[in-house]
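The residues of the chain are indexed from 1 along the displayed sequence. All ligand and atom numbering here is 1-based and tracks the order in the structure. This one's a predicted model, so the numbers in the text were calculated from it and none came from an experiment.
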Amino acid sequence: MAVRSGFTSKFGFVAAAAGSAVGLGNIWKFPFEVGENGGAAFVLIYLAFCFLLCFPVMVTEIAIGRKTQLNPVGAYKALGFKKWSLLGLQGIISGVLILSFYNVVAGWAFGYFLEMVSGNFAIGSQFGEFINDIFRVGLYGLIFMGATAFIVSKGVSGGIEKAAKILMPTLIVIMLLLVLYSFTLPNALKGVEFYLLPDFSKISFPVVYSALGQAFFSLSLGMGALITYGSYVGKNDNIISSAVLITLADVGIAFIAGLMMFPLVFSQGLSTDGGPGLIFVTLPGVFETLGPTLGIVIGSLFFLLLSFAALTSTVSLLEVPVAYIVDEHGIRRNNAVWLVAAVIFIVGIPSLLSNGYSDLFTNFITYIGADSPTSFMSLVEHVANDSFLPLGGCLISFFAAYIWKKENLVAEVSKGNPNFKNSIVGKYIDFAISYLCPIVLGILFILTVLSRFFGINIIG
Ligand code: TRP
């Protein structure tokens with residue numbers, strides 16, 4: 001497998017996995033989820049989920065990946081549990097669904113880069129028209145999917161991740177500069193308060209399941225992406241320290257994005273619940289205040305680097321279904337890539353049309369007990385992100401603990417980390433994978449489905 005043979009060093013794996021994790025989830029989705037879900041209380045719940053529930057799942061995915069060197073479907077088969085390959089298939093479907101709408105948003109980010117280059121700061125207030133200029137944003141989406149497919153087909157992800165090593169720190173520096181700048185603006189403190197001072201009365205069950213979906217989405221977990229990437233990890237590498245690095249990088253970048261956004265939102269007098277448009281509406285106006293030259297430089301760089309961060313994520317999302325049909329159905333890699341990319345682009349078209357352009361897809365479905373309809377794009381997100389990913393996390397931990405057996409997991413993680421079993425982290429992961437993750441994630445999954453799609457709220 002060309003793509004997967006590219007890495008031998010530990011840093012290669014961490015860079016690839018961090019590249020997968022860091023993307024629109026951190027910079028676009030995290031701030032608007034925080035904004036819609038009451039601020040700091042959401043942030044706290046999100047952090048707890050990342051470290052307590054997601055981290056053990058991440059270790060498990062990487063361990064299964066290193067052990068089997070396969071795609072999610074093949075991995076369960078290789079371990080000798082053919083029926084469990086259905087779980088791999090569920091992951092692949094999640095990946096296809098996620099990439100279908102992710103690519104639409106990546107197209108927006110790329111389009112905003114072009115707008116910034118031409119100094120069109122007014123685009124912020126024209127976001128609604130921008131996303132409904134269907135042929136243009138459709139073309140950007142097509143370009144983005146094409147670039148993703150090109151990278152996956154040429155097996156040049158290695159090169160992309162090398163570039164990411166320079167570009168991601170640049171993005172972080174720009175965001176930190178914007179944090180500093182935002183603090184000098186009027187009302188900045190109100191934004192910081194909203195982001196960091198929890199108001200526990202804002203916690204309701206939807207806040208909890210949104211935080212859970214966000215944690216899995218941001219860390220690229222629950223669909224087997226890290227099973228596929230786990231084959232990058234060398235036999236003597238320490239899975240735990242890699243997983244710690246990936247988690248800290250991902251959570252850290254999301255945290256900075258929030259710290260940047262809320263002072264800006266408050267200083268511009270905008271509403272925190274701007275939804276998916278939050279960064280697209282807020283940022284151009286901020287760049288404008290930097291003056292024409294600096295505004296264009298910082299604005300274009302920001303959206304260019306954001307597009308780039310999205311690209312290392314779309315590559316990982318496409319890689320999983322491609323690896324599956326190459327390994328399991330013997331289709332040539334090059335054909336597989338373009339076929340899967342085309343299918344996913346088509347699956348994404350209703351999402352593209354569901355932000356006002358087509359009434360059918362904009363008001364696609366009304367959940368039982370809901371008073372307003374949900375768009376096609378949101379439906380896909382609710383199913384794939386908030387339901388399938390946590391379910392995948394629940395089942396993969398159950399699988400590792402009771403089917404594959406905990407001893408095998410511990411043995412795999414202990415390679416490159418001989419003290420794992422007796423370390424505090426080892427004991428915690430043992431407990432989490434055996435009890436906490438399967439039970440808590442299972443319960444949360446059921447409650448999420450009941451609450452979201454059927455309007456039945458057992459708690460909150
Ligand atoms: N984590 C990425 C982001 O935050 C998105 C992503 C890439 C993803 N690969 C994934 C999400 C696998 C879930 C599963 O932008």
Side-chain angles (χ1 to χ4, degrees), residues 3 15-34 46 49-50 54 57-58 60-62 65 71-72 87-88 90-109 144-145 148 151-152 157 160-161 164 168 171 210-230 232 243 246-247 249-258 276 279 305-324 340 344 380-393 396:
V3 171
S20 164
V22 176
L24 296 170
N26 309 60
I27 296 161
W28 162 72
K29 202 163 193 292
F30 178 71
F32 90 69
E33 291 282 350
V34 174
Y46 164 80
F49 283 153
C50 285
C54 290
V57 173
M58 180 182 284
T60 307
E61 282 198 22
I62 300 173
N71 67 84
L87 175 57
Q90 185 247 14
I92 286 161
I93 293 167
S94 311
V96 167
L97 291 175
I98 289 175
L99 183 51
S100 77
F101 77 79
Y102 197 95
N103 188 66
V104 171
V105 182
W108 298 349
F144 214 91
M145 188 63 89
T148 305
I151 292 163
V152 174
S157 321
I160 297 298
E161 268 107 36
M168 286 309 103
L171 179 62
S210 304
L212 185 68
Q214 175 61 23
F216 272 85
F217 179 75
S218 184
L219 290 165
S220 298
L221 291 178
M223 59 157 272
L226 289 183
I227 296 184
T228 301
Y229 271 36
Y232 288 169
I246 297 160
T247 304
D250 189 65
V251 170
I253 291 178
F255 186 79
I256 295 171
I279 70 163
L305 294 170
L306 179 61
S307 307
F308 202 84
L311 191 60
T312 53
S313 301
T314 53
V315 162
S316 80
L317 282 161
L318 184 60
E319 177 64 33
V320 177
V322 166
Y324 161 65
V340 175
I344 296 177
V380 172
E381 209 186 305
H382 297 159
V383 171
N385 260 31
D386 297 351
S387 313
F388 277 15
L389 296 182
L391 176 65
I396 200 172

Q. Which ligand 1 atoms are under 4.0 Å away from a heavy-atom of S313?
A. 2 (C), 7 (C), 15 (O)

(Q) As an exercise, identify every atom of ligand 1 less than 4.0 angstrom from a heavy atom of M223. (A) 12 (C), 14 (C)

Nearest candidate to [atom], where distance is taken over non-hydrogen atoms, out of [options]:
atom	options	result
atom 3 (C) of ligand 1	G392, G213, G91, A21	A21
atom 15 (O) of ligand 1	Y102, F217, F216, F388	Y102
atom 2 (C) of ligand 1	A17, S20, A106	S20

Q: Please identify each residue that fulfils salt bridge (Lys or Arg N to Asp or Glu O under 4.0 Å) with D250, with sequence neighbours left out.
A: none

Is it the case that ligand 1 has an N or O less than 3.5 angstrom from some N or O of [X]?
X	result
I98	no
S218	yes
G25	yes

Q. Rounded to the nearest 0.5 Å, what separation is found between the SG atom of C54 and the CD atom of Q214?
A. 10.0 Å

Q.
Working to the nearest 0.5 angstrom, can you tell me the gap between T228 OG1 and I62 CD1?
A. 12.0 Å

Q. Is the F30 to Y46 ring centre distance short of 6.0 Å?
A. yes

Q: Identify, for atom 6 (C) of ligand 1, the protein heavy atom at the shortest distance, and state residue, atom and that distance.
A: S220 OG, 3.5 Å

Q: Could you go through the side chain to side chain donor-acceptor pair (under 3.5 Å) check for S220 and S20 one step at a time?
A: CA-CA 7 Å; S220 298; S20 164; 2.9 Å; yes

Q: Sequence neighbours left out, what passes ring pair (Phe, Tyr, Trp, His ring centres under 6.0 Å) with F308? Give chain and number order.
A: none

(Q) Which heavy atom of I27 sits nearest to which heavy atom of A257, and what is that distance? (A) CA-CB, 4.0 Å

Q: Quick one: look at S316 and ligand 1, take heavy-atom pairs under 4.0 Å, and tell me if it's side chain, backbone, both or neither.
A: side chain

